[in-house]
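Everything numeric here is computed off the predicted structure, so don't read it as measured data.
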Amino acid sequence: MKYIIIGLGNYGYVLAEELSALGHEIIGADISESRVDSIKDKIATAFVIDATDEQSLAVLPLNSVDVVIVAIGENFGASVRVVALLKQKKVTRIYARAIDGVHKAVLEAFSLEKILTPEEDAARSLVQLLDFGTNMEAFRIDSEYYVVKFTVPRKFVGYFVNELNLYEEFHLKLIGLKRADKVTNCLGISLTELHVKNELPENEKVEEGDELVCYGKYRDFQSFWKAI
């Protein structure tokens, strides 16, 4: 896919670098020449422009890319003006970064395809790490419900799936299990491949290193984690 990323600070830089590494075509833009110089060899094209200026913004191929991402965060006025100009130019798919509630509320008025909240997401990840004492991946459905993936506690290893009683005891619905299996390639080299098992027979035993994917209320995940 083809993306334009406007704003190459820490967030925009990493976003551009990672997307480019995955094979996407990235066009970067920033008012800072040093920022553009630091990334120009890692992405397809980079422009030194003031994106808040309508004529300068016009040099970018805004309507021939899949998504335009406004990664500007610290400069509230610049972020809002760039988004307004993009809407004026009929750019259909715009993602924009918001750094606080007020910024997010203003961006919501533009009916953007997606509002990015990296600081908020990072804070939530830290809260979960501090709250549960382990790394886990959580997808927030709404203010109460989450989908959470976590490595099975050691005490679960060897139990049958139906013996975990996650729903009966904690109201958590088990929706998948991710397992690392050892495979051998054509050169005879042993590799680890991850497979998701969506249908779990009752006689399926939990193995060390398995990851469970569950759905439920955040407070029920807390109760579950405290119980184990």
Residues, nucleotides or ligands: over 12 heavy atoms within 6.0 Å of Glu33 CD | no

Answer yes or no: is there a side-chain heavy-atom contact under 4.5 Å between Leu57 and Lys89?
-> yes

Step by step, would you call His171 with Lys217 a side-chain contact (heavy atoms from CB on, under 4.5 Å)?
-> CA-CA 8 Å; His171 309 293; Lys217 291 184 178 181; over 6 Å; no

Closest heavy-atom contact between Ile99 and Gly73?
-> CD1-O, 3.2 Å

Do Asp142 side-chain atoms and Tyr145 backbone N/O form a donor-acceptor pair below 3.5 Å?
-> yes

Looking only at heavy atoms, the pair that brings Ala138 and Val148 closest together is CB-CG2, 4.0 Å

Spatial distance of atom CG (Leu8) from atom CD1 (Ile31) [nearest 0.5 Å] = 12.0 Å

Mind checking what makes ring pair (Phe, Tyr, Trp, His ring centres under 6.0 Å) contact with Phe224, not counting sequence neighbours?
-> Phe150, Phe156, Phe170

Would you find a donor on one side and an acceptor on the other, under 3.5 Å apart, between the side chain of Ser38 and the backbone of Arg35?
-> yes

So, Lys205 and Glu163, do they make that salt bridge, N to O below 4.0 Å?
-> no

To the nearest 0.5 Å, tell me how far Glu211 CD sits from Lys178 NZ.
-> 5.5 Å

If you round to the nearest 0.5 Å, how far is CG of Asp210 from CG of Leu177?
-> 4.5 Å

Contacts of Phe139 that satisfy side-chain contact (heavy atoms from CB on, under 4.5 Å) - sequence neighbours left out = Ile141, Val147

Distance col, row Thr45:OG1 vs Ile4:CD1, nearest 0.5 angstrom, shows 9.5 Å

Check whether any side-chain heavy atom of Leu60 lies under 4.5 Å from a side-chain heavy atom of Ile6, and answer yes or no.
-> yes

Where do Ile69 and Leu116 land on the side-chain contact (heavy atoms from CB on, under 4.5 Å) test, with the steps shown first?
-> CA-CA 9 Å; Ile69 302 172; Leu116 309 168; 4.0 Å; yes

Atom CZ of Phe47 and atom CD1 of Ile27: how far apart are they, to the nearest 0.5 Å?
-> 6.5 Å

Do Ile26 and Tyr95 sit in the same hydrophobic cluster, where Ile, Leu, Val, Met, Phe, Trp and Tyr count as joined when their side-chain heavy atoms come under 4.5 Å apart?
-> yes

Are any non-hydrogen side-chain atoms of Ile94 and Glu113 less than 4.5 angstrom apart?
-> no

In sequence, state the C-alpha distance, the side-chain angles, and the governing distance for Asn63 and Val91, and then conclude on side-chain contact (heavy atoms from CB on, under 4.5 Å).
-> CA-CA 6 Å; Asn63 294 302; Val91 177; 4.0 Å; yes

So side-chain hydrogen bond (donor to acceptor under 3.5 Å, both in side chains) across residues 2-15, not counting sequence neighbours, yields Tyr13-Lys42

Shared hydrophobic cluster, Ile115 / Val70 (ILVMFWY, side-chain heavy atoms < 4.5 Å) = yes

Indicate yes or no: at least one non-hydrogen side-chain atom of Leu164 is less than 4.5 angstrom from one of Leu212.
-> yes

Group every Ile, Leu, Val, Met, Phe, Trp and Tyr by side-chain heavy-atom contacts under 4.5 Å, then state whether Val68 and Val80 land in the same group.
-> yes

Under the side-chain contact (heavy atoms from CB on, under 4.5 Å) test, which residues partner Lys90, sequence neighbours left out?
-> none

Sorted by chain and number, sequence neighbours left out, side-chain contact (heavy atoms from CB on, under 4.5 Å) with Val14 holds for Glu18

Between Ala46 and Ile43, the two heavy atoms sitting closest are CB-CD1, 4.1 Å

Evaluate the side-chain proximity of Arg97 to Glu119: yes if any heavy-atom separation is below 4.5 Å, no if none is.
-> yes

When you look at CD of Glu169, are more than 12 heavy atoms from neighbouring residues, nucleotides or ligands closer to it than 6.0 Å?
-> yes

N/O donor-acceptor pairs under 3.5 Å from side chains in residues 81-88, not counting sequence neighbours:
unit_1	atom_1	unit_2	atom_2	d
Arg81	NE	Thr52	O	2.6
Arg81	NH2	Thr52	O	3.3
Lys87	NZ	Phe110	O	3.2
Gln88	NE2	Glu54	OE2	3.1

Validation row: Ile5, Leu19 side chains within 4.5 angstrom (heavy atoms) | yes

Least distance between heavy atoms, Pro118 atom then Ala98 atom | CD-O, 4.3 Å

Interatomic spacing from OG1 in Thr117 to NE2 in His103 - rounded to 0.5 Å | 11.5 Å

Which atom names give the shortest non-hydrogen contact between Ala71 and Gly12, and what distance separates them?
-> CB-CA, 3.8 Å

Hphob cluster co-occupancy, Trp225 + Tyr146, side-chain heavy atoms under 4.5 angstrom | yes

Is it possible for you to say whether Ile72 and Val106 belong to one hydrophobic cluster, with membership spreading through side-chain heavy-atom contacts below 4.5 Å?
-> yes

Worked verdict on Leu174 versus Tyr167 for side-chain contact (heavy atoms from CB on, under 4.5 Å) = CA-CA 8 Å; Leu174 179 62; Tyr167 189 78; over 6 Å; no

